[in-house]
Amino acid sequence: MSEPTIEDYYVEDRTFPPSDTFQSEAIITDRSLYEEAEADRLGFWARQARELVSWFEDFDTVLEWDLPFAKWFIGGKLNISYNCLDRHVEAGRGDKVAFHWEGEPGDTRTINYSELLEEVSKFANVMKSLGVEKGDRVCIYMPMIPELPVAMLACARIGAPHSIVFGGFSADSLSDRIDDASAKLLITADGGYRRGDPFPLKDTADASVEATSTIDNVVVVQRTGQDVAWNETVDHWYHELMETASSDCPPEHLDSEDLLYLLYTSGTTAKPKGIMHTTGGYLTQVAFTHKYIFDLHPETDVYWCAADIGWVTGHSYIVYGPLANGATSVMYEGTPDTPRPEFRVGDRADWPKDRLWDIVQRYGVTQLYTAPTAIRTFMKWGAQEVEPHDLSSLRVLGTVGEPINPEAWMWYHEHIGGERCPIVDTWWQTETGGHMITPMPGVTTTKPGSATHAIPGVIVEIVDDSGNKVEKGGGYLTITEPWPSMLRGIWGDPERYKETYWSEYPGRYFAGDGAKIDDDGYLWLLGRVDDVMNVSGHRISTTEVESALVDHSSVAEAAVVGATDDTTGQAIVGYCILRGGNEPSEELREEIRQHVATKLGAIARPKAVVLVPDLPKTRSGKIMRRLLRDVAEGRKLGDTTTLADASVVDEIRDRADQAPQED
């Protein structure tokens with residue numbers, strides 16, 4: 001009998017069917033959507049597109065598939081901004097709240113659909129006045145403030161694809177993304193608030209613009225009031241431009257396959273990949289999944305996706321999905337361990353860590369969508385942070401970004417959901433655009449830690465090393481048929497798109513996740529199987545971090561691994577060989593760690609840097625990261641027979657034991 005592709009040890013017997021109470025109100029409680037999609041997959045997606053999306057001109061072809069390039073809903077004309085705003089206002093729902101926004105300092109804004117439409121239309125005209133035309137790329141580098149979705153929707157209104165860069169990224173990361181997209185306009189802010197203090201953005205934006213050549217103008221939102229450098233020839237205050245802008249801006253009639261946005265994600269080479277998402281298919285799948293996976297009742301629900309819009313979760317499930325469905329959402333600027341100012345008493349360590357539960361209670365949140373990393377952090381802080389708050393408004397809980405371990409699932413179920421809320425554990429990626437594997441809360445019996453089944457209209461299979469289908473046990477997760485919200489390619493590099501996602505198993509999409517299928521046919525995600533690390537739900541390439549380490553003047557060579565971490569899923573551990581003339585020291589180790597944050601952003605800073613005399617390499621010179629991972633996780637070493645010098649590992653282990661780790 002052949003060895004399993006991925007070992008399958010864990011067995012979970014606990015099951016949680018939807019309660020009678022939940023099913024009595026749920027929008028779907030049977031398998032009719034699954035059965036419809038199984039009988040006619042393309043017909044199913046065509047119906048969703050026509051029921052959930054408003055088209056200026058109907059499509060005539062559902063799918064054109066020239067593997068690996070897909071076109072959905074060909075011939076259709078639409079505008080996402082119109083779908084998210086105008087149609088709700090035209091239907092008399094302009095007074096409905098689109099966003100309850102809360103800043104970390106406690107300031108709030110309530111924005112209804114009419115107000116959001118007016119601001120989006122004005123800003124669309126602002127961009128036009130700055131020379132932005134259909135097809136031009138616009139880079140957005142902002143904190144979690146209402147002007148961020150305004151900027152996105154304004155781009156969508158005039159057909160200018162946006163490229164959002166997470167506000168925690170460095171100047172180098174931002175300039176790389178500006179350069180790759182040849183962005184014409186940068187939208188940023190003076191800064192934002194995080195952990196009780198303002199943080200700067202404009203100086204990072206300035207350094208990026210200095211290093212690039214395509215940005216003609218920079219629009220700056222005044223958020224914190226901090227002093228910023230100003231270049232009169234390119235810099236413009238958002239509020240000044242908006243004062244004179246007209247609110248009359250009819251939406252462009254766009255093709256279903258017109259580019260909506262680029263979103264850059266780490267690859268196994270140092271150059272980030274510009275993932276391309278288009279209009280009609282993307283909106284269909286995010287609207288469908290937002291409606292059915294969160295059991296949306298738009299008239300009464302207050303939905304909260306507690307992610308950052310800088311990541312795909314925020315694109316799909318803070319902005320486009322919820323607004324297309326006419327939902328009321330919460331949007332929060334800061335961190336969960338920063339209470340409102342009136343509760344910041346004594347040292348920061350003594351502040352309550354209950355901002356999320358405070359928000360859930362005050363706004364009456366009905367759906368909460370967050371990451372397993374956050375849930376594990378809440379577990380660490382303790383249930384006493386939750387207990388003073390009334391969370392009875394919650395109906396559905398969701399998780400996103402990485403597999404959730406059963407212990408965290410049960411804690412979420414008991415302490416946040418009060419043992420009454422279904423949990424939708426969603427698997428999807430930047431590349432997939434929307435949910436792919438997840439329970440449906442009124443239909444699916446869940447198991448703690450399992451994403452359960454593919455959504456209707458999506459076909460997934462687990463395969464072994466040879467590409468043969470695995471009926472039970474572990475292997476590699478592949479998608480066998482195109483889906484509406486799939487990436488349409490990598491910006492400017494169709495060959496890389498084919499090589500990255502479609503070459504490993506011919507005819508199948510594979511993006512590096514391991515999975516297993518249990519006796520009941522439930523799917524369990526096992527995390528990354530390639531050299532992309534998943535840190536707090538963020539995909540970070542080992543190659544990028546290694547490049548940043550070697551960029552330090554004292555480092556000759558580096559190897560990076562993602563080690564299992566109870567809080568963040570994986571933690572980055574870097575092993576560095578110093579250049580001659582440099583002596584290992586605590587100061588140098590910390591300097592190298594901080595250098596990575598400067599180059600890539602704080603999210604990529606290693607938890608530990610180990611200064612080593614050599615790295616474990618095969619005789620052909622390939623670094624054996626598996627052994628470094630064994631060292632980082634304190635395991636007994638695997639096979640070392642292929643090492644050029646087996647004694648190296650003992651020395652590395654000794655050094656690793658002495659290396660301090662970031663808390």
Side-chain angles (χ1 to χ4, degrees), residues 166-170 173 194-195 265-266 305-308 310-314 334-338 353 355-356 369-382 385 398-412 416 425-430 449 451 512-514 525-546 548-549 560-575 590 593-594 596-597 600-610 625 628-635 656 659-663:
F166 173 59
F169 276 158
S170 67
S173 297
R194 191 167 179 81
R195 301 197 185 283
T265 184
S266 291
C305 170
D308 192 290
W311 308 107
V312 73
T313 304
T335 60
D337 58 351
T338 307
K353 297 177 174 64
R355 186 65 174 270
L356 263 63
Y369 192 32
T370 189
T373 291
I375 296 163
R376 290 189 291 266
T377 301
F378 304 148
M379 289 174 67
K380 189 166 69 176
W381 290 341
E385 299 285 354
T399 72
V400 58
E402 60 193 301
I404 183 168
N405 51 305
E407 296 77 21
W409 195 102
M410 289 301 300
W411 189 93
Y412 199 31
I416 309 306
D425 169 8
T426 64
W427 178 85
W428 58 297
Q429 303 169 312
T430 302
D513 276 321
L525 276 299
L526 302 176
R528 308 295 303 169
V529 296
D530 58 14
D531 286 332
V532 177
M533 299 169 290
N534 194 327
V535 181
S536 299
H538 307 318
R539 289 172 56 188
I540 299 168
S541 163
T542 57
T543 311
E544 283 190 289
V545 181
E546 287 167 2
L549 287 166
V560 166
V561 296
T564 300
D565 183 272
D566 288 342
T567 302
T568 60
Q570 284 188 304
I572 300 171
V573 180
Y575 298 86
E590 184 59 20
R593 275 186 70 237
Q594 296 301 338
V596 176
L600 302 180
I603 191 71
R605 180 173 49 214
K607 183 174 184 180
V609 166
V610 185
R625 287 182 176 79
L628 293 175
R629 203 172 286 114
D630 288 344
V631 170
E633 296 179 349
R635 281 198 302 270
Q661 296 197 350
E662 179 190 40
D663 290 328

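Source: prediction; values computed, not measured. We use all heavy atoms of the structure for the numbers below, so side chains are in, but hydrogens, waters and symmetry mates are not.
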side-chain contact (heavy atoms from CB on, under 4.5 Å) between Leu628 and Val573, worked out | CA-CA 9 Å; Leu628 293 175; Val573 180; over 6 Å; no
Find the distance between CG (Asp425) and CH2 (Trp409) and round it off to the nearest 0.5 Å.
-> 9.0 Å
Under a 4.5 Å cut-off applied to non-hydrogen side-chain atoms, are Val560 and Met533 in contact?
-> yes
Evaluate the ring planes of Trp311 and Phe169, with Trp represented by its six-membered ring, and classify them as parallel (under 30°), tilted (30 to 60°) or perpendicular (over 60°).
-> perpendicular
Under a 4.5 Å cut-off applied to non-hydrogen side-chain atoms, are Thr338 and Arg194 in contact?
-> no
With a 4.5 Å heavy-atom cut-off, do Arg605 and Ile572 have their side chains touching?
-> no
Tell me, do Asp513 and Leu526 make a side-chain contact under 4.5 Å, heavy atoms counted?
-> no
Determine, for Arg355 against Asp337, whether the closest basic-nitrogen to carboxylate-oxygen distance falls under 4.0 angstrom.
-> no
Atom OG of Ser536 and atom CG of Asp565: how far apart are they, to the nearest 0.5 Å?
-> 8.0 Å
Can a donor-acceptor pair be found between the side chains of Thr426 and Tyr369 at a distance below 3.5 Å?
-> yes
Under a 4.5 Å cut-off applied to non-hydrogen side-chain atoms, are Val561 and Tyr575 in contact?
-> yes
Hey, are the side chains of Leu549 and Val596 touching, using non-hydrogen atoms and a 4.5 Å cut-off?
-> yes
Backbone N/O of Pro606 and side chain of Arg593: donor-acceptor pair under 3.5 Å | yes
At what distance, to the nearest 0.5 angstrom, does CD of Glu402 lie from CG of Asn534?
-> 5.5 Å
Ser170 to Ala597 - nearest heavy-atom pair and separation = CB-O, 4.2 Å
Does the side chain of Thr399 come within less than 4.5 Å of Ile375's, by heavy atoms?
-> yes
Nearest heavy-atom approach of Thr370 to Ala374 is OG1-CB, 3.6 Å
Nearest atoms (heavy-atom pairs only) where Ala604 meets Ile540 | CA-CD1, 4.2 Å
Are side-chain heavy atoms of Trp381 and Thr377 found at a separation under 4.5 Å?
-> yes
Gap separating the OG1 atom of Thr373 from the CG atom of Asp566, nearest 0.5 angstrom = 11.0 Å
Pairwise distance NZ(Lys380) to CD(Glu385) - rounded to 0.5 angstrom = 12.5 Å
Shortest non-hydrogen contact from Leu356 to Phe378?
-> CD2-CZ, 3.4 Å
Could you go through the side-chain contact (heavy atoms from CB on, under 4.5 Å) check for Val400 and Trp427 one step at a time?
-> CA-CA 7 Å; Val400 58; Trp427 178 85; over 6 Å; no
Thr564 and Gln570 side chains, donor-acceptor separation under 3.5 Å = no
When you measure from the side chain of Tyr412 to the backbone N and O of Glu407, does any donor-acceptor pair fall under 3.5 Å?
-> no
Rounding to 0.5 Å, atoms CH2 (Trp411) and CD1 (Ile404) come to a distance of 10.5 Å
